[in-house]
Amino acid sequence: MVTTPELDLDHLRSWIGREEQQSELLTPMIVQRLLATLDREGPTENGAIAPLLVHHCLCQSPAPTAALGPDGHPRRGGFLPPIPLPRRMWAGGELAFKSDAKVGDVITRNSVIDDVTLKHGRSGRLCFVTITHRFSSAGRELISERQDIVYRDISPSRPGASSSLPAAPEGSEQSSISMSAERLFRYSALTFNSHRIHYDVPYTTGEEGYSGLVVHGPLQAMLLAQYAQDLQGPAPRRFRFRSHSPVFGGGALLMNAHKVDDGLDLWTASPDGPIAMQARAEW
């Protein structure tokens with residue numbers, strides 16, 4: 001029998017307002033490694049404009065290995081509240097791009113917990129943590145990002161079951177990229193993300209009940225944002241996204257786009273699978 005952990009919402013909401021700051025040099029090597037991970041090309045010398053969403057590779061909190069929980073995440077109760085629900089996912093977010101991050105910049109991340117809320121869904125309790133990150137360099141504002149993290153109960157059914165969901169439509173533009181285990185591992189390493197669902201198959205299938213390695217939400221967001229820039233030319237001014245269902249590694253990830261009045265609607269899916277992530281890029 002699955003036990004249901006107690007959740008003291010008033011205690012968890014005492015984390016609202018908690019702040020954290022980290023800084024890191026955006027080196028040519030970080031950009032080279034990101035481009036190699038994505039099989040892309042681009043400038044990497046100091047002063048060059050860095051790829052969109054490269055900031056996800058920077059300023060990660062260096063939690064000691066001994067301080068990691070059984071899922072590979074840092075044990076709860078530091079910057080993030082100690083939510084007792086076992087599964088944690090990046091549900092979505094929104095980014096406003098103020099100015100370009102450049103190779104050679106020292107990037108500073110200032111983060112604050114904005115809200116902690118509890119909802120109830122088909123799979124049980126859902127606890128959402130909303131965080132605002134502001135990235136800057138030498139007093140120059142680069143990016144404002146809202147991040148929505150969701151924690152949820154263990155479902156008696158396999159998580160993310162999508163057999164009843166319709167297959168994603170094909171966009172007027174479409175591109176494909178392999179989500180090999182090697183690519184997922186490299187992205188985890190670049191972002192200092194030790195969540196085991198992205199690289200540990202026995203844990204992912206046995207403990208969390210997924211059918212395979214889970215493709216990172218931030219990786220899908222990065223790919224869609226860069227795809228939008230590839231299609232339009234300039235970088236978008238705003239980019240928002242929301243995860244709908246998991247997509248698994250080992251096969252192709254389809255990136256779709258459709259032009260709308262104020263930008264592009266974008267979405268990811270596996271072949272014949274439902275929409276995994278939906279996004280909107282605006283200029």
Side-chain angles (χ1 to χ4, degrees), residues 7-26 30 50 52-64 67-69 71-85 87-102 105-119 125-152 190-195 216-222 225 235-243 277 279-282:
L7 194 153
D8 184 344
L9 185 60
D10 288 338
H11 175 61
L12 298 176
R13 286 182 61 82
S14 71
W15 260 255
I16 294 173
R18 186 165 296 203
E19 299 183 14
E20 182 181 72
Q21 183 182 98
Q22 297 284 345
S23 295
E24 186 171 354
L25 175 65
L26 177 50
I30 290 173
L52 282 179
L53 275 65
V54 70
H55 66 284
H56 287 163
C57 303
L58 302 171
C59 306
Q60 303 295 338
S61 299
L68 300 180
D71 61 357
H73 277 304
R75 294 189 187 277
R76 304 171 190 189
F79 173 63
L80 290 173
I83 295 169
L85 304 182
R87 290 203 176 96
R88 168 180 163 180
M89 298 292 290
W90 195 342
E94 182 171 355
L95 300 98
F97 299 99
K98 310 293 186 177
S99 59
D100 295 321
K102 296 182 180 180
D105 286 348
V106 174
I107 309 294
T108 296
R109 169 179 62 82
N110 289 280
S111 303
V112 61
I113 305 292
D114 283 332
D115 202 5
V116 180
T117 58
L118 180 65
K119 299 181 181 180
R125 295 172 299 174
L126 303 170
C127 191
F128 289 87
V129 178
T130 302
I131 310 166
T132 295
H133 304 288
R134 289 184 171 83
F135 292 83
S136 61
S137 179
R140 179 170 54 96
E141 189 176 7
L142 303 176
I143 300 163
S144 175
E145 177 175 12
R146 190 199 77 243
Q147 184 182 112
D148 301 320
I149 299 173
V150 61
Y151 299 79
R152 59 189 179 89
L190 274 169
T191 56
F192 205 59
N193 180 356
S194 50
H195 195 184
H216 313 66
L219 174 56
Q220 295 181 65
M222 176 182 283
R237 178 178 55 85
R238 302 187 73 86
F239 181 80
R240 61 181 183 270
F241 63 95
R242 181 183 177 190
S243 293
M277 175 174 287
R280 168 71 64 90
E282 298 173 354

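Note on ring orientation: taking the six-membered ring where Trp is involved, the planes of Phe135 and His133 are tilted (angle from 30° to 60°).
Judged as a side chain to side chain contact (heavy atoms under 4.5 Å, CB included), and not counting sequence neighbours, the contacts of Gln21 are Thr108, Asn110. Checked against side chain to side chain donor-acceptor pair (under 3.5 Å), His73 has the following partners two or more places apart in sequence or in another chain: His195. Remark: Pro74 pairs with Ala63, Leu68 by the side chain to side chain contact (heavy atoms under 4.5 Å, CB included) rule, at least two apart or across chains. Shown here are the ring pair (Phe, Tyr, Trp, His ring centres under 6.0 Å) partners of Tyr151, two or more places apart in sequence or in another chain: there are none.
Heavy-atom minimum distance, Arg125 versus Leu85: NH2-CD2, 3.3 Å. Closest heavy-atom contact between Leu53 and Ala225: CD1-CB, 4.0 Å. Counting all heavy atoms, side chain and backbone alike, Val106 lies closest to Ser137 at O-OG, 3.0 Å. In terms of heavy atoms, Glu24 sits closest to Cys59 at OE1-N, 2.8 Å. When all heavy atoms are compared, the tightest approach of Phe97 to Arg238 is CD1-N, 4.5 Å. Here the closest non-hydrogen pair linking Asp148 and Trp90 is O-CD1, 3.2 Å.
Taking 4.5 Å as the limit, some side-chain heavy atom of Pro62 sits within range of a side-chain heavy atom of Gln22. At least one side-chain heavy atom of Val129 sits under 4.5 Å from a side-chain heavy atom of Pro81.
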Checklist entry - Can you list the steps and then say if Phe79 with Ser61 is a side chain to side chain contact (heavy atoms under 4.5 Å, CB included)? => result CA-CA 10 Å; Phe79 173 63; Ser61 299; over 6 Å; no

Checklist entry - Does the pair Leu95 and His55 meet the rule for a side chain to side chain contact (heavy atoms under 4.5 Å, CB included), with working shown? => result CA-CA 11 Å; Leu95 300 98; His55 66 284; 3.6 Å; yes

Next on the checklist: Under the criterion side chain to side chain contact (heavy atoms under 4.5 Å, CB included), I'd like the reasoning laid out for Thr117 against Leu9: C-alpha separation, chi angles, the key distance, then a yes or no.
Outcome noted: CA-CA 8 Å; Thr117 58; Leu9 185 60; over 6 Å; no

Checklist entry - Hey, mind stepping through Leu80 and Arg88 against side chain to side chain contact (heavy atoms under 4.5 Å, CB included) and telling me if it holds? => result CA-CA 12 Å; Leu80 290 173; Arg88 168 180 163 180; 3.6 Å; yes

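Annotation: Arg76, atom CZ; neighbour count of heavy atoms from other residues, nucleotides and ligands within 6.0 Å is above 12.
The salt bridge (charged side-chain N to carboxylate O under 4.0 Å, His left out) pairs that include a residue from residues 7-19 are Arg13-Asp115, where partners are two or more places apart or lie in different chains. Residue pairs satisfying the salt bridge (charged side-chain N to carboxylate O under 4.0 Å, His left out) criterion with at least one member in residues 133-145, sequence neighbours excluded, are listed as follows: Asp105-Arg140.
Rounding to the nearest 0.5 Å gives a distance of 8.0 Å between OG of Ser194 and CG of Asp71.
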